[in-house]
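I have placed the structure first, in the form of structure tokens, so that the comments after it can refer back to it.
Numbers for residues simply follow the sequence, beginning at 1. None of these values were measured; they are calculated from a predicted model.
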Amino acid sequence: MARRESNNSHQYEGTHTRFEDEPIDEATESSNLEDPMCEADESTIGQDKAFDHSMCEPDDSDDVARPLDLDDSVIGSDKTSADYYFDSYSHFGIHEEMLKDVVRTKTYQNVIYKNKFLFKDKVVLDVGAGTGILSLFCAKAGAKHVYAVECSHMADMAKEIVAANGFSEVITVMKGKVEEIVLPVAEVDIIISEWMGYFLLFENMLNTVLYARDKWLVNDGIVLPDKASLYLTAIEDAEYKEDKIECEPIEILKIYSIWNRVYGFDMSCIKKQAMMEPLVDTVDQNQIVTNCQLLKTMDISKMAPGDASFTAPFKLVASRDDYIHALVAYFDVSFTNCHKLTGFSTGPRSRATHWKQTVLYLEDVLTICEGETIVGSMTVAQNKKNPRDVDIMVKYSFNGQRCQVSRTQYYKMR
């Protein structure tokens, strides 16, 4: 389950929210994937099907939502791993945040419980099982056996959770890396995983899912979810910009100007580095100034590992006169093998998730008029030194009535 706090904790820090009780018979049938500003495209997923984004009430929801009183000794105080990625998942807080994400957790629950015909008597592989919640859903839906693979010390807790709920005969928790473990079976019928990170690809857990797919999935097997799409839009963000400006007129049209003068000292050298760090935060839909552009759709059941690195063009058209301070990226995922197409969006117009959105601030503030366009391209690639990090390059040009800009900016998700 792809999530961790960044070393830049002020940027990537998650918020803790409470579960909202929504009985299944009152659940909405509309998907939060619906976004009237997103451009129609032949590659857009699920054109001919209606999304089912109903939120059914999980059994024993009080047990799921109640924070556990855990200390490090419970989940392995003897951990010595130098790999921060796996070590971070040994802490309960990050799993609490994911379980409390109603959009995320209940969508997976609906996919499984409302499509039991997919799971009945099938062998399932849960990649990055965490607490084992998805494995428990699968077992309850009638899976023949579930192999829950988790590399962090949370695997020890998952074993206890499985036993406490009476599924030890159906669920086998395996501690280790997917690339290194040996499954006791040659093939699996279904691979399920919540692999998505910030900006969809942060942490690069997708490659682990693809490895498992190529090694164990039967020819007609199913990957859940099987589609993921990355989108881009542009926003005005004057309020945040003003918070970052100290003793500088707003006409300077530069963000992070606070670094120009800090308590009377020049720290402008930090500004360039600060600009390279994307901000993971919740964007108000009223800040959106342009259309939403589909950058990339990935078919998890067919794609190659290298397909997660790409260059995609974009054209953003202003819907009103305004200023543009940043680009915003978000993603959708869908489960197309279900009886009724199901999925969720992490976009600004959709119900909030712990993924929020990824904000890429521009060096210039663009004065844009309705109907004017920003054209450019975005290149996304794994970092060469640490493949779990993401390098982003944005080339854009704008030739408006009141502003002309052509620039290339680089961002690093760490």
Determine yes or no for a side-chain-to-main-chain donor-acceptor pair under 3.5 angstrom, with Thr367 supplying the side chain and Cys403 the backbone.
no
Would you name the heavy atoms of Cys338 and Val111 that are closest together and state the gap between them?
SG-CG1, 3.7 Å
Using only atom types and a distance under 3.5 Å, with no angle test, would you say the side chain of Gln404 pairs donor to acceptor with the backbone of Gly400?
yes
Asp284 and Arg349 ion-paired at < 4.0 Å:
no
Is it true that His339 and Asn115 share a donor-acceptor pair across their side chains at a distance under 3.5 Å?
no
Output the distance between atom CD1 (Ile368) and atom OG1 (Thr290), rounded to the nearest 0.5 Å.
7.5 Å
Residues Tyr108, Phe137; criterion ring pair (Phe, Tyr, Trp, His ring centres under 6.0 Å); working and verdict:
CA-CA 8 Å; Tyr108 274 89; Phe137 289 159; 8.5 Å; no
Walk me through it: do Arg407 and Asp364 pass the test salt bridge (charged side-chain N to carboxylate O under 4.0 Å, His left out)?
CA-CA 9 Å; Arg407 191 180 295 278; Asp364 305 276; 2.5 Å; yes
Quick test of your reading: applying salt bridge (Lys or Arg N to Asp or Glu O under 4.0 Å), list the pairs with at least one residue in residues 208-221, sequence neighbours left out, ordered by first then second residue.
none
Exercise: identify the closest heavy-atom pair between Phe398 and Glu372:
CZ-OE1, 3.2 Å
Is a side-chain N or O of Thr342 found less than 3.5 angstrom from the main chain of Lys340, in a donor-acceptor match?
yes
Locate the shortest heavy-atom distance separating Ile392 from Met413; write the atom from each residue and the value.
CD1-CG, 4.2 Å
Aromatic ring proximity Phe331/Tyr231, centre distance under 6.0 Å:
no
Let me confirm one number: the NZ-CG distance from Lys356 to Leu279, rounded to the nearest 0.5 Å.
8.5 Å
So, does Asn165 use its side chain to make a donor-acceptor pair with the main chain of Phe167 at under 3.5 Å?
no
What are the two closest heavy atoms between Met303 and Ala308, and how far apart are they?
CE-N, 3.9 Å
Side-chain (Asn383) to main-chain (Val390) donor-acceptor, under 3.5 angstrom
no
Closest non-hydrogen contact found for Tyr323 with Glu236 is O-CB, 2.8 Å
How close do Thr346 and Gln357 get, counting heavy atoms only, and between which atoms?
O-NE2, 2.8 Å
Please answer whether the main-chain N or O of Thr336 pairs with a side-chain N or O of Asp226 as donor and acceptor at a distance below 3.5 Å.
yes
Stepwise, does the salt bridge (charged side-chain N to carboxylate O under 4.0 Å, His left out) test hold for Asp389 with Lys384?
CA-CA 9 Å; Asp389 295 342; Lys384 293 181 179 179; over 6 Å; no
Please determine whether salt bridge (charged side-chain N to carboxylate O under 4.0 Å, His left out) holds for the pair Lys412 and Glu277, giving the CA-CA distance in whole Å, both sets of side-chain angles, and the decisive distance to 0.1 Å.
CA-CA 6 Å; Lys412 299 177 183 294; Glu277 297 178 351; over 6 Å; no
Is a side-chain N or O of Ser193 found less than 3.5 angstrom from the main chain of Val127, in a donor-acceptor match?
yes
Under the side chain to side chain contact (heavy atoms under 4.5 Å, CB included) criterion, do Asp237 and Gln287 qualify, and how do the steps go?
CA-CA 7 Å; Asp237 201 10; Gln287 296 177 259; 3.0 Å; yes
For atom NZ of Lys175, decide whether the heavy atoms of other residues, nucleotides or ligands shown that lie under 6.0 angstrom number more than 12.
yes
Candidate pair Thr107 and Gln109, rule side-chain hydrogen bond (donor to acceptor under 3.5 Å, both in side chains), full reasoning
CA-CA 5 Å; Thr107 297; Gln109 185 190 48; over 6 Å; no
Indicate yes or no for a side-chain donor-acceptor contact from Ser319 to the backbone of Val289 under 3.5 Å, with no hydrogens or angles considered.
yes
Using the side chain to side chain contact (heavy atoms under 4.5 Å, CB included) rule, take Met267 and Val262 through it: C-alpha gap first, then chi angles, then the decisive distance, then the call.
CA-CA 7 Å; Met267 296 190 181; Val262 180; 3.8 Å; yes
Okay, side chain of Asp391, backbone of Ala381: is any donor-acceptor separation there less than 3.5 Å?
no
Have Thr311 and Thr379 got a donor and an acceptor in their side chains that come within less than 3.5 Å?
yes
Using the benzene-type ring in the case of Trp, are the ring centres of Trp355 and Phe344 under 6.0 Å apart?
yes
Min side-chain heavy-atom separation Leu224-Ile191 under 4.5 Å
no
Going through the checks in order, is the side chain to side chain contact (heavy atoms under 4.5 Å, CB included) test met by Phe314 and Leu295?
CA-CA 7 Å; Phe314 63 82; Leu295 293 176; 4.0 Å; yes
Look only at the side chain of Asn291 and the backbone of Val317, and say whether a donor-acceptor pair between them is shorter than 3.5 Å.
yes
If I take atom CG from residue Leu118 and atom CD1 from residue Ile190, how far apart are they, to the nearest 0.5 angstrom?
6.0 Å
Could you please spell out the steps behind the side chain to side chain contact (heavy atoms under 4.5 Å, CB included) verdict for Ile192 and Asp126?
CA-CA 5 Å; Ile192 192 166; Asp126 182 358; 4.1 Å; yes
Is the gap between the ring centers of Tyr330 and Phe199 under 6.0 Å?
no
Is a donor from one side chain sitting under 3.5 angstrom from an acceptor on the other, for Gln409 and Tyr396?
yes
